[in-house]
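Order of the sequence lines sets the chain letters (A, B, ...), proteins ahead of strands, with each chain counted from 1. Please read these numbers as outputs of a predicted model, since none were measured by experiment.
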2 protein chains.
Amino acid sequence: MNLSLRQMRAFAALAEARNFTRAAEQCSLTQSAFSSLISNLEAGLGLKLFSRNTRNVELTNEGEVFLNIVNTLLPETERALEEMRSQAELRRGKVAIAALPTIYSSILPSLISRFHAEHPGVELIIKDTANTGCIEHVRHRRVDFALCAATSEGSDFIAETLASDSFHFVCHASHPLAKRRSLTASEVQEAFPIIVYDGASSIRQHLDAVIYPQQWRRSYEVNSLSTAAALVIEGLGATIIPTLGLRQFRDPHLRAIPIDLPINERNICLLRLKHRTPSLAATAFIALVREHFETELDRLRPSNSFRAKLS
Amino acid sequence: MNLSLRQMRAFAALAEARNFTRAAEQCSLTQSAFSSLISNLEAGLGLKLFSRNTRNVELTNEGEVFLNIVNTLLPETERALEEMRSQAELRRGKVAIAALPTIYSSILPSLISRFHAEHPGVELIIKDTANTGCIEHVRHRRVDFALCAATSEGSDFIAETLASDSFHFVCHASHPLAKRRSLTASEVQEAFPIIVYDGASSIRQHLDAVIYPQQWRRSYEVNSLSTAAALVIEGLGATIIPTLGLRQFRDPHLRAIPIDLPINERNICLLRLKHRTPSLAATAFIALVREHFETELDRLRPSNSFRAKLS
DNA sequence: CTATTTTACGATCTGCGTAAAGATG
DNA sequence: CATCTTTACGCAGATCGTAAAATAG
């Protein structure tokens, strides 16, 4: 006897419906195929499970015994398969991630290619959005997790700090401050015109907080790093960028000067919902992220000269 | 995915043996068939369970997960099938029977012991109750079948007549009629005091019907044969008993005289619900009952002298 | 007569075995 | 290169669907 899941499903459906036609529909089978499926099950077990005629279908005593068994065995088996399906989702699954533009443009590309090489069947969806958007994506479960700046929002989140980067004053080589080795907050504030970012941005939020209650004398408010970069290159102003964003400003005419801010570190964290077990695919990606920040942490250290990297 | 018992068995064997050839042998399959069986299982689950080459077979991480599942699921499934096998082989089961006291006390004991000897694992539940009770037990499916007097109740029942017995006047040896060889209905009606049975009793129902619209001049109305027997032995009255009930009145001081009633035969039948396939255990018991009445039918024939048997 | 199950039968799919090919230490 | 697994392929049995037959209220 080779009892199969399909047989148990069919039996359970018939025991429930007590009607071949409806039970067959439920199993996506023709009534005739369903009938022989039940017959085969009965033959396999060597006993009648249902006493039936054209008007009435009901369990025999032996059928009752089998129903008791199936009532525990079937859910367990289904659950087992569901468990395996979750496993399988590592190979053909989906990971949705939200990430700050600075993170997306710096560390994610290499992680994506490594993950894809390891799990070629897993679909990766990455939304690059400012900090506020990242948090909302996580909150509404539109992503498995986010890589963004630390947040203090509620206790629904788990925020794991992965690294922290610091801020740099980025200007054209012809800028009056271009040759300085370091700058103070007040010096930077005087460096008008300065290019700032949209209020949803973690950079803007951080910088606003740092000089509170003062405000930035801004001439431009942009949404993307690349726009800011274009403006700076054109000599229309300077901007302030955390370490991870510097890559966007690699240009021979630009200079990046470390700033000494009251709160100079921006924490990069892995943000996810507390009561949501990440899928295995997501877990795998998270592992890759953690590994990245462990092995390449030094790259983020402000002690490294980024001036050199920009030229 | 239609997980089957065979797939689980094969997986367990391979996880144990870690060798396709030996695991295949254990499953009574060629190595090639076994290989594709495992492949199909992996394809069905959507993941590799074993990482293998020609020298080495071992479980993947996903395989380990599946092994944990199978280690509980497989034994449970096997046990379930074993349970059903026991049912099929009548090594387990339950038969519930309702029977008239006259039947219970006459033919059932030997049938019970024969059935028990043949099927020691089958539980027997026998309710001795008057005719009305028997019918209700069948109607409400509290018993698999009943051995009782024929009924004309509705078409939900199947009533198979097994035998018929006839009625006897039973009295103390000192009774005025004790020496008669036979009696008529009117003679019996005059034989006051007469002990009758509760209205639910088939004997009472039969006798009431026989003399309708007259009524029995009763002095005692009892529920059990043994009570009636005690009364008769004490000389407090006579009673009327069908053949099957005579056994209760075996006493040297009692006499049983055949009565010539207008309807002298009480049909003993096997009563069950029409649309209910009896369990295997019940079927086996029914077979025993039929066999009994086929081989020992003569015992019930009123032609036999029961006077002799009583002394 | 109507609703329902069973049977008949051909097409398709699955699973097994034989035998050959492929892989690996 | 010896051993073990996978692949190729034909056959047998299982399963499915369509359609007709049987059954029961």
Test item: B/Arg290 and B/Glu160 side chains (from C-beta on) under 4.5 Å apart, heavy atoms: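 B/Arg290 reaches B/Glu160 side chain to side chain.
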Between B/Ser39 and B/Arg22, just flag the one whose closest nucleotide in DNA chain D comes earlier from the 5' side. B/Arg22
Every protein N/O lying under 3.5 Å from an N/O of nucleotides 12-19 of chain D:
unit_1: D/dT15; atom_1: OP2; unit_2: A/Asn40; atom_2: ND2; d: 2.9
unit_1: D/dG17; atom_1: OP2; unit_2: A/Thr30; atom_2: N; d: 3.1
unit_1: D/dG17; atom_1: OP2; unit_2: A/Thr30; atom_2: OG1; d: 3.1
unit_1: D/dT18; atom_1: O4; unit_2: A/Ser32; atom_2: OG; d: 2.8

Separation of [N] [atom2] from [X] [atom1] (nearest whole Å):
| X | N | atom1 | atom2 | answer |
| --- | --- | --- | --- | --- |
| B/Phe20 | C/dG22 | CZ | P | 19 Å |
| B/Arg52 | C/dG25 | CZ | C1' | 18 Å |
| A/Arg18 | C/dT4 | CZ | P | 16 Å |
| B/Ile38 | D/dT7 | CD1 | C1' | 17 Å |
| B/Glu42 | D/dT6 | CD | C1' | 12 Å |
| A/Leu14 | C/dT5 | CG | C1' | 11 Å |
| B/Asn19 | D/dT6 | CG | P | 11 Å |
| B/Asn56 | C/dT24 | CG | P | 12 Å |

Any idea which heavy atoms bring A/Ala88 and B/Leu45 closest together, and the distance?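 A/Ala88 and B/Leu45 have their closest heavy atoms at CB-O, 3.5 Å.
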Distance below 4.0 Å between B/Ser35 side-chain N/O and D/dT6 OP1 or OP2: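 Answer yes for this pair, as a side-chain N or O of B/Ser35 is under 4.0 Å from OP1 or OP2.
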Short side-chain N/O contact to C/dA3 OP1/OP2 from A/Thr21, under 4.0 Å: no
Can you confirm whether more than 12 heavy atoms, excluding those of A/Glu16, are under 6.0 Å from its CD atom?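 No - once you tally the heavy atoms of other residues, nucleotides and ligands closer than 6.0 Å, there are 12 at most.
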Mind listing the N/O atom pairs, protein and nucleotides 20-25 of chain D, below 3.5 Å?
unit_1: D/dT23; atom_1: O2; unit_2: A/Thr54; atom_2: OG1; d: 3.2
unit_1: D/dA24; atom_1: O4'; unit_2: A/Thr54; atom_2: OG1; d: 2.8
unit_1: D/dG25; atom_1: OP1; unit_2: B/His275; atom_2: NE2; d: 2.5

Salt-bridged, B/Glu291 to B/Arg114, with N to O below 4.0 Å?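 A salt bridge links B/Glu291 with B/Arg114.
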Among B/Thr277, B/Ile286, B/Asp144, side chain to side chain contact (heavy atoms under 4.5 Å, CB included) partner for B/Arg272: B/Ile286
Which residue in the set B/Ile97, B/Leu124, B/Ile107 passes side chain to side chain contact (heavy atoms under 4.5 Å, CB included) when paired with B/Ile112? B/Leu124
Nearest 0.5 Å please: distance from the CG atom of A/Leu74 over to the OG1 atom of B/Thr77. 10.5 Å
Please work out which of the three classes, parallel, tilted or perpendicular, describes the rings of A/Phe34 and A/Phe20, given edges at 30° and 60°.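 Ring orientation, 0 to 90° scale: perpendicular.
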Over 60° means perpendicular and under 30° means parallel, so tell me whether B/Phe285 and B/Phe115 are parallel, tilted or perpendicular. tilted
